[in-house]
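What follows is a short report on a single structure.
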Amino acid sequence: MSLRTLPLLFINLGGEMLYILDQRLRAQNIPPDKAKKVMNDIITTMFNKKFMEELFKPQELYSKKALRTVFDRLAHASIMRLNQASMDKLYDLMTMAFKYQVLLCPRPKDILLVTFNHMDAIKDFIRDSPSILNQVDETFRQLIDMYNCLPAGEFQLIRQTLLIFFQDMHIRVSIFLKDKVQNSNGRFVLPTSGPVPWGTEVPGLIRIFSFKGEEVKRVEFQNGGNYASPLREGSYDLFGDRVLKLGTNMYSVSRSVETHMSGTLKSSAAHTKENVVPNPLAKEELNLLAQLLGGLELKKPSTTDHSFRLNLFTNDEEEEQAALTRPEELSYKVINIQASEDGKENKELTRIMGSFVWTDTQLAELSKGRYTSSSLMDECENSIYVHLYVF
């Protein structure tokens, strides 16, 4: 597995999350000022400098539930609240959209163009907020510095790592079903038409060479598709035409989106239930997640903020029905993990908890606007509780 996959996975899933939230905020007629606050708060938290530093360190991917934990906290970084069913649907849409994009990338390196399309769209969301835009641009430059110099083989390994992560996810999405790019079993349909990858030729010609390296014969054959030569290569710079449309906002035109679990996914859920052997890497994964959460500063709504609930379903009845019909094995239940003050059991968590205590000097700087977001958790008298999803 590639140790450089996590930043691409997080940023692309985050981009899809922002697309969906933007569409639902408009569909539910949330006041523009509240909608803008939600988008700004989530993007600010998502591109927090300390969080990005942890994210860009070479590391293996976390489990699906561990990554889901991060996105659950990220989605609630502002005044918006999601019920369990809506959060499940949000995460399903995010993962299936990015899986589709990875599968359809003409060549492995184009995953970077998909990421840049998401980054361009995120910048458009906060174009009127220069300070947040600077945060996003800083991450953009990190992406360029880290990935532009990688060889094709490393991108192939990144693509393989992503596909392994997504391989058991077969959730049917109404948009994909209507566009006939997904089958009823939740699997995607790969096209046999369109432009071929940059640097390659349209299949249909065999060249035969002599031992001297001279071309002596050509044989044509039917390629079984309707392929075309690529127009040009997409831009891998901070600005430019990406050419590739994968990763752009498919919700820009108002369309209702529904998700349904396929039979394959239900059987996979049953398999998950059977597989109850403890994961020996769970403790290490929890420590790594704690480091990520240590950099992920979430905003706590002040008393003047008026939080609201966002529904990703057409109405409350559909949301309640979805919560009842979702297999228990696919739910992400919350447990409380106590980080005691002595720090003997988990020094890393205790260290992170200690960083959440605000001094008088820090509070004074906060009032002057030097901090952009408040601490992730409140200090408690004797112990601090972290809400993490079961691994």
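Only heavy atoms go into these numbers, but all of them, side chains included; no hydrogens, no water, no symmetry mates. In this text the structure is predicted, and so the values were computed from the model without any measurement.
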Does the pair Tyr251 and Asp22 meet the rule for a side chain to side chain contact (heavy atoms under 4.5 Å, CB included), with working shown? CA-CA 9 Å; Tyr251 307 98; Asp22 174 64; over 6 Å; no
About how many Å separate CG of Asp120 and CG of Leu113, when rounded to the nearest 0.5 Å? 10.0 Å
Look up atom CG in Leu90 and atom CZ in Arg68, then write down how far apart they are to the nearest 0.5 Å. 8.0 Å
Side chain of Arg81, backbone of Ser78: donor and acceptor closer than 3.5 Å? yes
CD/Glu53: more than 12 non-hydrogen atoms of other groups inside 6.0 Å: yes
Is Asp33 paired with Lys37 through a side-chain N to carboxylate O contact shorter than 4.0 Å? no
Under a 4.5 Å cut-off applied to non-hydrogen side-chain atoms, are Ile42 and Met80 in contact? yes
Against Phe98, only a single residue in Phe71, Phe166, Tyr91 fulfils ring-ring contact (aromatic ring centres under 6.0 Å, His included); can you say which? Phe166
Would you say Arg207's side chain and Arg218's backbone share a donor-acceptor pair under 3.5 angstrom? no
Other residues, nucleotides, ligands: >12 heavy atoms within 6.0 Å of Glu220 CD: no
Any side-chain heavy-atom pair from Ile158 and Tyr147 closer than 4.5 angstrom? yes
Could you report the tightest heavy-atom contact between Pro195 and Pro230, atom names first, then the distance? CB-CA, 4.1 Å
Whether Lys64 side chain and Phe165 backbone form a donor-acceptor pair below 3.5 Å: yes
Can you check whether Phe239's main-chain N or O pairs, donor with acceptor, with Ser235's side chain at less than 3.5 Å? yes
Does Lys245 offer a backbone N or O that forms a donor-acceptor pair with the side chain of Thr248 under 3.5 Å? yes
Parallel, tilted or perpendicular, as decided by the 30° and 60° cut-offs, for the rings of Tyr100 and Phe176: tilted
Please check if Val202 and Leu231 belong to a single hydrophobic cluster, counting links between Ile, Leu, Val, Met, Phe, Trp and Tyr side chain heavy atoms closer than 4.5 Å. no
Nearest-0.5 Å distance, CG of residue Leu21 to CE of residue Met94: 8.5 Å
Any side-chain heavy-atom pair from Gln135 and Ile126 closer than 4.5 angstrom? no
Reported CD1-to-CE distance for the pair Ile132 and Met39, which is rounded to 0.5 angstrom: 10.5 Å
Distance-only donor-acceptor pairs under 3.5 Å for side chains of residues 102-109, two or more places apart:
{"residue": "Arg107", "atom": "NE", "partner": "Asp110", "partner atom": "OD1", "Å": "3.1"}
{"residue": "Arg107", "atom": "NH2", "partner": "Glu233", "partner atom": "OE2", "Å": "2.5"}
{"residue": "Arg107", "atom": "NH2", "partner": "Tyr236", "partner atom": "OH", "Å": "3.3"}

Less than 4.0 Å between a side-chain N and a carboxylate O, is that true for Arg127 and Asp124? yes
Do you know which two heavy atoms are closest between Ser210 and Val216, and how far apart they sit? CB-CG1, 3.8 Å
Are Val181 and Tyr227 in one and the same hydrophobic cluster, where Ile, Leu, Val, Met, Phe, Trp and Tyr link if side-chain heavy atoms are under 4.5 Å apart? no
Taking all non-hydrogen atoms of both residues into account, name the closest pair between Leu82 and His76 and its distance. N-NE2, 3.1 Å
Would you say Gln182's side chain and His170's backbone share a donor-acceptor pair under 3.5 angstrom? no
Could you pull out the closest heavy-atom pair between Ala75 and Met87, with the gap in Å? CB-SD, 4.0 Å
A quick test of your reading: do over 12 heavy atoms of other residues, nucleotides or ligands sit less than 6.0 Å from CD of Gln222? no
Ignoring hydrogens and angles, write down the donor-acceptor pairs under 3.5 Å from the side chains of residues 8-20, residues two or more places apart or on other chains.
{"residue": "Asn12", "atom": "OD1", "partner": "Thr115", "partner atom": "N", "Å": "3.4"}
{"residue": "Asn12", "atom": "OD1", "partner": "His118", "partner atom": "ND1", "Å": "2.6"}
{"residue": "Asn12", "atom": "ND2", "partner": "Leu8", "partner atom": "O", "Å": "2.6"}
{"residue": "Asn12", "atom": "ND2", "partner": "Thr115", "partner atom": "OG1", "Å": "2.8"}
{"residue": "Glu16", "atom": "OE2", "partner": "Gln101", "partner atom": "NE2", "Å": "2.9"}
{"residue": "Glu16", "atom": "OE2", "partner": "His118", "partner atom": "NE2", "Å": "2.7"}
{"residue": "Tyr19", "atom": "OH", "partner": "Gly247", "partner atom": "O", "Å": "2.7"}

ILVMFWY network linking Leu163 to Leu246, side-chain heavy atoms under 4.5 angstrom: yes
Looking at OG1 of Thr139 and CE of Met119, how far apart are the two atoms once the value is rounded to the nearest 0.5 Å? 5.5 Å
Taking all non-hydrogen atoms of both residues into account, name the closest pair between Asn183 and Leu177 and its distance. O-CD2, 3.6 Å
Measure the shortest side-chain to side-chain distance between Leu67 and Leu6 over non-hydrogen atoms and say whether it is less than 4.5 angstrom. yes
Please confirm whether the backbone N or O of Lys50 pairs with a side-chain atom of Asn48, one donor and one acceptor, at under 3.5 Å? yes
Please check this pair: side chain of Asn223 against backbone of Gly225, looking for a donor-acceptor N/O pair closer than 3.5 Å. yes
Kindly indicate whether the side chain of Gln28, heavy atoms from C-beta on, has any atom under 4.5 Å from the side chain of Leu310. yes
Sidechain N-carboxylate O distance under 4.0 Å for Arg141, Asp145: no
Quick test of your reading of the model: are Arg232 and Asp241 salt-bridged, counting only N-O distances below 4.0 Å? yes
Before giving the answer on side chain to side chain contact (heavy atoms under 4.5 Å, CB included), spell out for Asn40 and Phe125 the whole-Å C-alpha distance, their side-chain angles and the decisive distance to 0.1 Å. CA-CA 8 Å; Asn40 285 358; Phe125 283 135; over 6 Å; no
Is there a path of hydrophobic side-chain contacts, each under 4.5 Å between heavy atoms, that joins Val189 and Met169? no
Hphob cluster co-occupancy, Leu238 + Leu133, side-chain heavy atoms under 4.5 angstrom: yes
Assess the residue pair Trp198 and Val243 against the criterion (side chain to side chain contact (heavy atoms under 4.5 Å, CB included)); give the C-alpha distance rounded to whole Å, side-chain angles, the decisive distance to 0.1 Å, and a yes or no. CA-CA 11 Å; Trp198 175 260; Val243 179; over 6 Å; no
Main-chain N/O of Arg187 paired with Asn185 side-chain donor or acceptor, under 3.5 Å: yes
Spacing of Gln156 atom CD and Glu154 atom CD [to the nearest 0.5 Å]: 10.5 Å
Could you tell me whether the side chain of Phe116 reaches within less than 4.5 Å of the side chain of Ile144, counting heavy atoms only? yes
Report the C-alpha distance between Gln59 and Leu3 in whole Å, list the side-chain angles of each, state the deciding distance to 0.1 Å, and finish with yes or no for side chain to side chain contact (heavy atoms under 4.5 Å, CB included). CA-CA 5 Å; Gln59 56 195 299; Leu3 302 181; 5.8 Å; no
Minimal non-hydrogen separation, Gly213 against Phe209, with atom names: O-CD2, 3.6 Å
Is there a side-chain contact between Phe51 and Thr45 (heavy atoms, below 4.5 Å)? no
